[in-house]
S.K.: 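Mind looking over this structure? Questions follow.
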Amino acid sequence: MAEGVRCRIAPAPTGYLHVGNARAALYNWLFARHHGGTFVLRIEDTDRKRSTEEAVGIVMESLRWLGLDWDEGPEVEGPYGPYRQSDRMDLYRTATERLLSDGRAYFCYCTPQELEDRRRAALQRGETPGYDGRCRNLSEEQRRSREAAGHPRAVRFAMPGIDITVHDLIRGEAHFPANDLRDFVILRSDGTPTYLLAAAVDDVEMRMTHVIRGEDLLPSTPRQLQLIEALGTPEPPLYGHLPLIVGPNGQPLSKRHGAVAVEGFRKQGYLPEALVNYLALLGWSYDAKTTFFSREELIEKFDLSRVSHNPAAFDPQKLEWMNGHYLREAEDSRLAELLIAELLHDGVAADPITVAAAVPLVKERMRTVIEGASMLRFLFAEEVNPDQKAAKMLGPDRQELLREAASRLEAVEEWRTGEIERVLRRLQQDSGLSAKQAFQPIRAAVTGTLVSPPLFESLELLGRDRTLGRIRAAAGL
RNA sequence: GCCCCCAUCGUCUAGCGGCCUAGGAUCUCGCCCUUUCAAGGCGGAGACACGGGUUCGAAUCCCGUUGGGGGUACCA
């Protein structure tokens with residue numbers, strides 16, 4: 001660690017940033033920031049068909065939205081670029097050639113079909129499936145004849161045939177028996193590198209000191225360690241494997257469980273600081289008590305030794321609750337902007353001044369921006385269509401109350417919350433009704449629902465004309 | 001099949017041999033506050049997967065079982 005920490009997030013541009021990747025990015029970023037190190041973004045797009053420019057853009061946008069800025073990577077570049085694997089093909093080819101000439105890799109002429117057949121046969125015999133190494137010791141003659149026959153060839157890495165122990169930063173040691181560590185393809189027959197090769201080469205070339213990634217990659221670590229050693233690296237990176245994020249039932253997290261992409265959470269009205277805080281705690285904890293962490297606190301306190309070992313179920317409800325907390329803490333002006341954007345997205349051109357005035361009414365009762373926006377809709381609608389429950393509250397027996405309310409409100413001198421409240425409370429007392437009995441019909445008439453922001457404030461914001469119009473309409477006037 | 005990882009309330013977790021009558025958060029239920037809904041306050045219910053060891057003493061250490069997840073590709 002002499003030169004300082006260097007770690008990275010290396011997403012494949014699949015068109016969105018999955019929460020699992022987002023969390024891995026966050027932990028890497030926190031780790032780098034905590035140690036004053038360097039956080040690198042590398043795009044793993046060796047699978048050309050699946051990656052587009054647009055997909056890369058979305059990944060970067062999601063990272064930025066989360067506030068995870070990278071020190072090296074696309075757009076900012078850096079001393080070990082380029083940072084897209086598709087721009088680094090020469091490197092992989094060169095590395096392969098060196099491995100080939102060092103005798104650490106060899107050409108394999110087996111076809112996918114043959115491989116599949118042998119694999120099935122081995123499974124049937126109860127043996128460990130995996131490459132049997134048959135092309136490893138081909139004679140020069142055998143090789144030549146296959147070349148002459150035009151057989152496609154892939155390049156395989158020659159594993160040393162020894163047991164390997166991985167020292168994991170998070171979970172300690174993991175032992176892998178030699179028999180399960182078979183020779184694997186590093187360069188496909190079409191000349192492109194596989195993940196194992198590309199990641200190993202890049203981690204070495206980019207001087208990564210720590211590789212913190214999902215547990216799904218733990219079994220590939222002994223292979224990469226060997227590859228890295230064969231590449232002549234004096235000091236391989238240290239590895240740490242994060243527990244996977246799973247769905248509510250312990251199954252893999254999928255779209256069926258709601259949003260799984262960072263972009264999706266943004267669209268649903270979540271705040272980045274809420275997602276960051278939630279994700280930080282999904283697999284890591286600081287102590288028994290602390291739940292809320294600012295970005296600075298996370299940087300200061302984050303520590304790999306406190307990352308948990310077991311899979312964590314993503315809990316949308318807890319995220320929502322946490323989002324509510326951050327919404328309440330957010331600046332009013334920021335919320336106003338988000339609400340206006342959300343309303344507009346919904347086809348409502350909301351007046352900014354009204355929204356700004358309404359923010360205090362909704363900020364403490366919304367859990368997402370979408371929810372907040374829906375609470376404000378009645379302020380901008382032409383007319384209201386009472387929902388079922390509200391309609392019940394507007395039966396014939398409430399008409400007199402509504403009429404009286406309309407006439408008294410018409411006489412209010414200054415259309416302010418205080419005045420409105422005074423008049424309506426007097427009405428309530430005169431009517432002999434309970435507050436609930438008296439005010440719910442008015443709420444129903446004005447907002448079309450029985451659940452809304454506080455009534456008197458709402459009436460002020462709605463304005464006298466529309467308030468009276470709605471009450472009268474509900475009273476059948 | 002084989003290999004690897006993991007195992008505390010429904011969920012996220014604290015716990016790293018006695019401080020545990022197992023703590024916090026979320027969810028849920030009740031009460032208070034209250035014009036509705038929230039927010040807030042108070043209270044309740046809710047977990048050490050199982051079986052063996054080790055030890056004066058085990059949620060904590062060891063072994064096994066069971067369960068879950070991951071891997072086993074010319075995907076990443």
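Lettering of chains follows the sequences in order, A, B, ..., and the numbering in each one begins at 1. Keep in mind that what you see is a predicted model, and the values were worked out from it rather than measured.
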S.K.: Using purine N1 to pyrimidine N3 plus N6-O4 or O6-N4 for Watson-Crick, or N1-O2 and O6-N3 for G-U wobble, each under 3.5 Å, what pairs with B/rA49?
M.R.: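 Checking every strand shown, B/rA49 finds its partner in B/rU65, with both distances under 3.5 Å.
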S.K.: Rounded to the Å, how far apart are A/L115 CG and B/rU72 P?
M.R.: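 Spelled out: CG on A/L115 to P on B/rU72 is 14 Å.
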S.K.: Encode nucleotides 5-11 of chain B as B, S and - characters from 5' to 3', where the letter depends on protein heavy atoms closer than 4.0 Å: B to the base, S only to sugar-phosphate, - to neither.
M.R.: BSSS-BS
S.K.: Between B/rG68 and B/rU26, how far apart are the two P atoms, rounded to whole Å?
M.R.: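 My reading of the P atoms in B/rG68 and B/rU26 gives 31 Å.
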S.K.: Using whole Å, what does the distance between atom C1' of nucleotide B/rU72 and atom CD of A/E127 come to?
M.R.: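 So the two atoms are 15 Å apart, to the nearest Å.
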S.K.: What is the pairing partner of B/rC16, taking Watson-Crick or G-U wobble pairs with both distances under 3.5 Å in any strand?
M.R.: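 Pairing partner, where one exists within any strand: none, as none qualifies.
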S.K.: Between B/rC27 and A/R367, is there an OP1 or OP2 to side-chain N/O distance shorter than 4.0 Å?
M.R.: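 Answer is yes, contact under 4.0 Å.
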S.K.: Please determine whether any donor N or O and acceptor N or O are separated by less than 3.5 Å between the side chain of A/S189 and the base of B/rC74.
M.R.: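 Donor-acceptor pair under 3.5 Å: yes.
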S.K.: Between B/rG1, B/rC27, B/rC3, which one does the side chain of A/W321 approach most closely?
M.R.: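 Ranking B/rG1, B/rC27, B/rC3 by closest atom to the A/W321 side chain puts B/rC27 first.
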S.K.: Look at the rings of A/Y270 and A/F265 and say which category their plane angle falls in: under 30° parallel, 30 to 60° tilted, over 60° perpendicular.
M.R.: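 Geometry flag for A/F265 against A/Y270: perpendicular rings.
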S.K.: Take the protein atom CG of A/N323 and the nucleotide atom P of B/rC27, then report the distance between them rounded to whole Å.
M.R.: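 My rounded result for the distance is 13 Å.
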S.K.: With a 4.0 Å cutoff (strictly under), does any side-chain N or O of A/R306 reach OP1 or OP2 of B/rG15?
M.R.: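 Looking at the OP1 and OP2 atoms of B/rG15, one of them is under 4.0 Å from a side-chain N or O of A/R306.
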S.K.: Hey, which sits more toward the 5' end of RNA chain B by its nearest nucleotide, A/Q251 or A/N179?
M.R.: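 Nearest nucleotide further toward 5': that of A/N179.
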S.K.: What nucleotide among B/rU36, B/rG23, B/rC3 has an atom nearest to a side-chain atom of A/K289?
M.R.: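 The closest nucleotide is B/rG23.
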S.K.: Mind checking A/L123 for me? I need base, sugar-phosphate or nothing, with any heavy atom below 4.0 Å counting as a touch.
M.R.: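 Base, at least one base heavy atom under 4.0 Å.
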S.K.: Which part of the nucleic acid, if any, lies within contact of A/F456, taking any heavy atom under 4.0 Å across all strands shown: a base, the sugar-phosphate backbone alone, or nothing?
M.R.: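 Base, at least one base heavy atom under 4.0 Å.
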S.K.: A/Y27 and A/F302: ring pair (Phe, Tyr, Trp, His ring centres under 6.0 Å), yes or no, with the steps?
M.R.: CA-CA 8 Å; A/Y27 286 18; A/F302 185 77; 5.1 Å; yes
S.K.: Residues of residues 427-449 of chain A with any non-hydrogen atom less than 4.0 angstrom from an atom of RNA chain B: list those, numerically ordered, please.
M.R.: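 Nucleic-acid contacts, sorted: A/A435, A/F439, A/Q440, A/R443.
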S.K.: Are the charged groups of A/E44 and A/R8 less than 4.0 angstrom apart, N to O?
M.R.: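 No salt bridge links A/E44 with A/R8.
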S.K.: Does the plane of the ring in A/H325 sit parallel, tilted or perpendicular to the ring in A/F292? Use 30° and 60° as the thresholds.
M.R.: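 Judged by the thresholds at 30° and 60°, the geometry between A/H325 and A/F292 is parallel.
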S.K.: Tell me: CG of A/L376 to P of B/rU36, nearest whole Å?
M.R.: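 Answer to the nearest Å: 20 Å.
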S.K.: From the set B/rA73, B/rC3, B/rG68, return the single nucleotide nearest to any side-chain atom of A/F176.
M.R.: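 Selected nucleotide: B/rC3.
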S.K.: Write down the distance between CD1 (A/I471) and C1' (B/rU35), rounded to a whole number of angstrom.
M.R.: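 Distance, rounded to whole Å: 14 Å.
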S.K.: Whether the side chain of A/N28 engages the backbone of A/A24 through a donor-acceptor N/O pair (distance < 3.5 Å, no angle test) should be reported.
M.R.: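 It does hold such a pair.
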S.K.: Check the phosphate of B/rU13 against A/S308, side-chain N and O only, distance under 4.0 Å to OP1 or OP2. Yes or no?
M.R.: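 So the side-chain polar atoms of A/S308 do come within 4.0 Å of the phosphate oxygens OP1 or OP2 of B/rU13, strictly under.
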S.K.: Where each residue is assigned the nucleotide of RNA chain B containing its nearest heavy atom, which of A/N249 and A/M366 is assigned the position nearer the 5′ end?
M.R.: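 Looking at RNA chain B, the more 5' nearest nucleotide goes with A/M366.
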S.K.: Who does B/rU11 pair with, Watson-Crick or G-U, both distances under 3.5 Å?
M.R.: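 Here B/rU11 is engaged in a pair, and the nucleotide opposite it is B/rA25.
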S.K.: For A/D287, is there an ion pair with A/K289 - N to carboxylate O distance below 4.0 angstrom?
M.R.: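 Between A/D287 and A/K289 there is no salt bridge, as every charged N stays at least 4.0 Å from the carboxylate O atoms.
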S.K.: If I take atom CZ in residue A/R328 and atom C1' in nucleotide B/rC37, what distance separates them, rounded to the nearest angstrom?
M.R.: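 Whole-Å distance recorded here is 13 Å.
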S.K.: A/D168 has an atom CG; how far is it from atom P of B/rC3, in whole Å?
M.R.: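 Taking CG of A/D168 and P of B/rC3, I get 20 Å after rounding.
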S.K.: State whether a side-chain donor-acceptor pair under 3.5 Å links A/Y278 with A/D315.
M.R.: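 A/D315 and A/Y278 do not have a side-chain donor-acceptor pair below 3.5 Å.
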S.K.: Nearest whole angstrom, please: distance from the C1' of B/rG70 to the CD1 of A/I245.
M.R.: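 Going from CD1 in A/I245 over to C1' in B/rG70 covers 15 Å.
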